[in-house]
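To keep things clear, I will list the structure first and then write my remarks on it.
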Amino acid sequence: MTVSKDQALPDPDVEEGIKYWESQPASYDGVLGGFGNGSLPRVDALGSRQFLMYLLPELCTVPSAIRPLQPSSSPLTTRRPRALDVGAGVGRVTSDTLLHLFADVLLVEPVAPFVQEALRRGRASARLADPAASIALDENPMAAPWKGIRDRSRSVTFVQATLQDFDPARPSAAAKARVLGRVGYGAPAEDGDASESGVVDDLDSGFDVVWCQWCLGALNDTDLVEFFRRSKAALRDPAHGLIVVKENLCSEHGEPRVVFDESDSSLTRSDLAWKQAFAQAGLRLIHEQIQDGFPEGLYPVKMYALR
């Protein structure tokens with residue numbers, strides 16, 4: 001179903017959307033609509049990492065043309081950089097993009113089978129004796145152990161919540177959010193508890209990057225703008241932090257356009273529709289880039305960096 005912005009638009013139904021995704025496999029292939037075992041996951045992850053390093057070169061951890069030659073005074077180099085991954089599915093973006101660049105990730109996903117699979121993969125990474133072993137139930141080559149989890153140098157905290165209920169600035173205050181666990185740095189030992197020495201409670205510490213990919217179609221326009229405002233308030237450094245939106249684009253003809261998908265009760269917005277929402281939320285567009293290299297026949301995918 002397609003409507004323009006001046007026509008009545010069906011609101012996404014959160015429960016219907018969750019029911020749809022609960023019927024899909026909790027795997028890369030399931031969350032990527034059948035494209036999880038081809039080139040798309042690798043191309044997507046590399047494109048996302050390059051986008052982040054272009055904007056925040058101090059995140060680059062190896063000598064390269066991207067990393068600054070002179071020591072940086074950026075807060076990203078003087079404290080543990082943190083990222084929020086919303087609508088995170090089975091943890092694909094967390095494991096393949098964010099853990100390569102950030103020390104701590106908060107993973108938020110509303111669909112129970114997906115977030116439980118993400119938690120299983122994180123815990124499997126923490127327990128592996130062989131760092132080259134697979135942690136996946138499927139055969140996806142990208143499903144390697146999560147970086148920094150086994151040696152506890154990095155961490156992932158898992159939360160089950162909808163974006164409508166979740167406040168990035170105060171994750172602990174969301175009444176309907178469930179904290180499921182933590183792996184890696186600051187996590188309790190498997191036989192320990194939350195009071196054990198060395199356990200870190202940084203749930204409400206804010207973020208350097210809020211990453212939103214293939215999930216914001218579950219929000220109507222009002223909820224989308226409110227979520228962006230809450231995300232902006234969650235940035236630890238308003239002058240340098242980023243909100244990244246990576247989403248499908250429908251076509252447009254000089255005005256904002258939206259497509260409603262009845263199968264999963266979601267919206268696909270055009271470029272102008274996204275920019276309209278950004279402006280309403282008081283966000284400034286820093287950089288935008290089309291993701292290249294995806295299979296033919298898919299919607300164009302664009303990355304927006306905002307603050």
Side-chain angles (χ1 to χ4, degrees), residues 1-26 29-35 85-90 93 108-115 159-168 174-177 210-232 243-283 285 288 290-291 294 297-304 306:
M1 182 185 299
T2 303
V3 298
S4 63
K5 291 293 286 184
D6 58 355
Q7 292 177 295
L9 180 69
D11 275 346
D13 186 306
V14 178
E15 295 304 320
E16 288 301 313
I18 289 175
K19 286 180 183 178
Y20 170 82
W21 288 109
E22 286 176 339
S23 72
Q24 305 303 306
D29 216 36
V31 297
L32 293 175
F35 289 91
D85 181 8
V86 298
V90 297
V93 170
V108 179
E109 168 58 42
V111 179
F114 288 179
V115 72
V159 174
Q160 183 177 355
T162 67
L163 299 190
Q164 288 87 343
D165 295 326
F166 184 73
D167 183 355
K176 296 182 181 180
V210 175
W211 189 274
C212 318
Q213 181 168 354
W214 287 330
C215 63
L216 297 180
L219 302 178
N220 63 34
D221 287 350
T222 299
D223 288 340
L224 179 66
V225 169
E226 287 303 312
F227 176 75
F228 282 149
R229 288 172 177 163
R230 296 196 301 271
S231 296
K232 183 177 182 179
I243 299 168
V244 178
V245 172
K246 187 170 187 177
E247 290 281 355
N248 294 343
L249 300 181
C250 64
S251 61
E252 63 188 13
H253 303 285
E255 64 178 12
R257 180 169 172 263
V258 178
V259 175
F260 181 76
D261 188 336
E262 295 180 348
S263 65
D264 65 352
S265 192
S266 70
L267 304 174
T268 301
R269 295 174 168 90
S270 71
D271 182 64
L272 287 176
W274 282 114
K275 290 176 178 175
Q276 185 176 74
F278 301 155
Q280 290 172 350
L283 295 175
L285 182 60
E288 57 188 299
I290 289 286
Q291 170 69 64
F294 280 0
L298 300 179
Y299 278 121
V301 174
K302 196 169 194 179
M303 294 175 279
Y304 304 90
L306 310 131

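Because the structure is predicted, anything quoted here is derived from the model rather than measured. One is the number of the first residue; the rest follow in order along the sequence.
- For the pairing with Leu267, the side-chain contact (heavy atoms from CB on, under 4.5 Å) check across Asp11, Leu219, Val258 returns one residue only, Val258.
- Side chains of Ile18 and Phe114 form no contact here, defined as non-hydrogen atoms less than 4.5 Å apart.
- Contact between Pro12 and Ser265 at its shortest, heavy atoms only, is CB-O, 3.1 Å.
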In sequence, state the C-alpha distance, the side-chain angles, and the governing distance for Asp221 and Arg269, and then conclude on side chain to side chain contact (heavy atoms under 4.5 Å, CB included). CA-CA 10 Å; Asp221 287 350; Arg269 295 174 168 90; 3.0 Å; yes

Return a table of donor-acceptor pairs under 3.5 angstrom between the side chains of residues 243-251 and protein atoms on other chains or two or more places apart.
from, atom 1, to, atom 2, distance (Å)
Lys246, NZ, Asp44, O, 3.3
Lys246, NZ, Asp44, OD1, 2.7
Lys246, NZ, Ser48, OG, 2.8
Lys246, NZ, Gln291, OE1, 2.8
Glu247, OE2, Trp214, N, 3.2
Glu247, OE2, Cys215, N, 2.9
Glu247, OE2, Leu216, N, 2.8
Asn248, OD1, Trp214, NE1, 2.9
Ser251, OG, Arg257, NH1, 2.9

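- Within the 4.5 Å cutoff, no side-chain heavy atoms of Leu283 are placed close to those of Tyr304.
- The two residues Asp223 and Gln164 have their closest heavy-atom pair at OD2-CG, 3.5 Å.
- The two residues Phe228 and Ala281 come nearest to each other via the heavy atoms CB-CB, 3.5 Å.
- Residues Lys176 and Thr162 fail the side-chain proximity criterion, which asks for heavy atoms closer than 4.5 Å.
- For the pair Glu109 and Gly87, the tightest heavy-atom approach, listed with the atom from each and the gap, is OE1-C, 3.3 Å.
- Annotation: the span from Glu16 atom CD to Glu262 atom CD amounts to 11.5 Å, rounded to 0.5 Å.
- Inter-residue side-chain proximity for Gln24 and Val111 is flagged as unmet; no heavy-atom pair is nearer than 4.5 Å.
- Among residues two or more places apart in sequence or in another chain, the ring pair (Phe, Tyr, Trp, His ring centres under 6.0 Å) test is passed with Phe227 by none.
- Checked for salt-bridge contact, Lys19 and Asp13 miss the test: no charged N lies under 4.0 Å from a carboxylate O.
- With Val93 as the fixed residue, the side-chain contact (heavy atoms from CB on, under 4.5 Å) test singles out one of Val31, Asp85, Val86: Asp85.
- Atoms CG and CZ, on Leu224 and Arg229 in that order, are 10.5 Å from each other to the nearest 0.5 Å.
- Scanning both residues, Asp165 and Ala174, for their nearest heavy atoms gives O-CB, 3.5 Å.
- Note that the CG atom of Asp167 and the CD atom of Glu226 stand 10.5 Å from one another [nearest 0.5 Å].
- Val259 places a side-chain heavy atom less than 4.5 Å from the side chain of Tyr299.
- Checking side-chain atoms of Gln160 against main-chain N and O of Val115 turns up no donor-acceptor pair under 3.5 Å.
- One finds the CZ atom of Arg230 at 15.0 Å from the NZ atom of Lys232 (value rounded to the nearest 0.5 Å).
- Taking CG of Leu298 as the start and CG of Leu32 as the end, the distance is 10.0 Å to the nearest 0.5 Å.
- The two residues Val225 and Gln280 come nearest to each other via the heavy atoms CG2-OE1, 3.5 Å.
- Every residue two or more places apart in sequence or in another chain was checked for a ring pair (Phe, Tyr, Trp, His ring centres under 6.0 Å) with Tyr20, and none qualifies.
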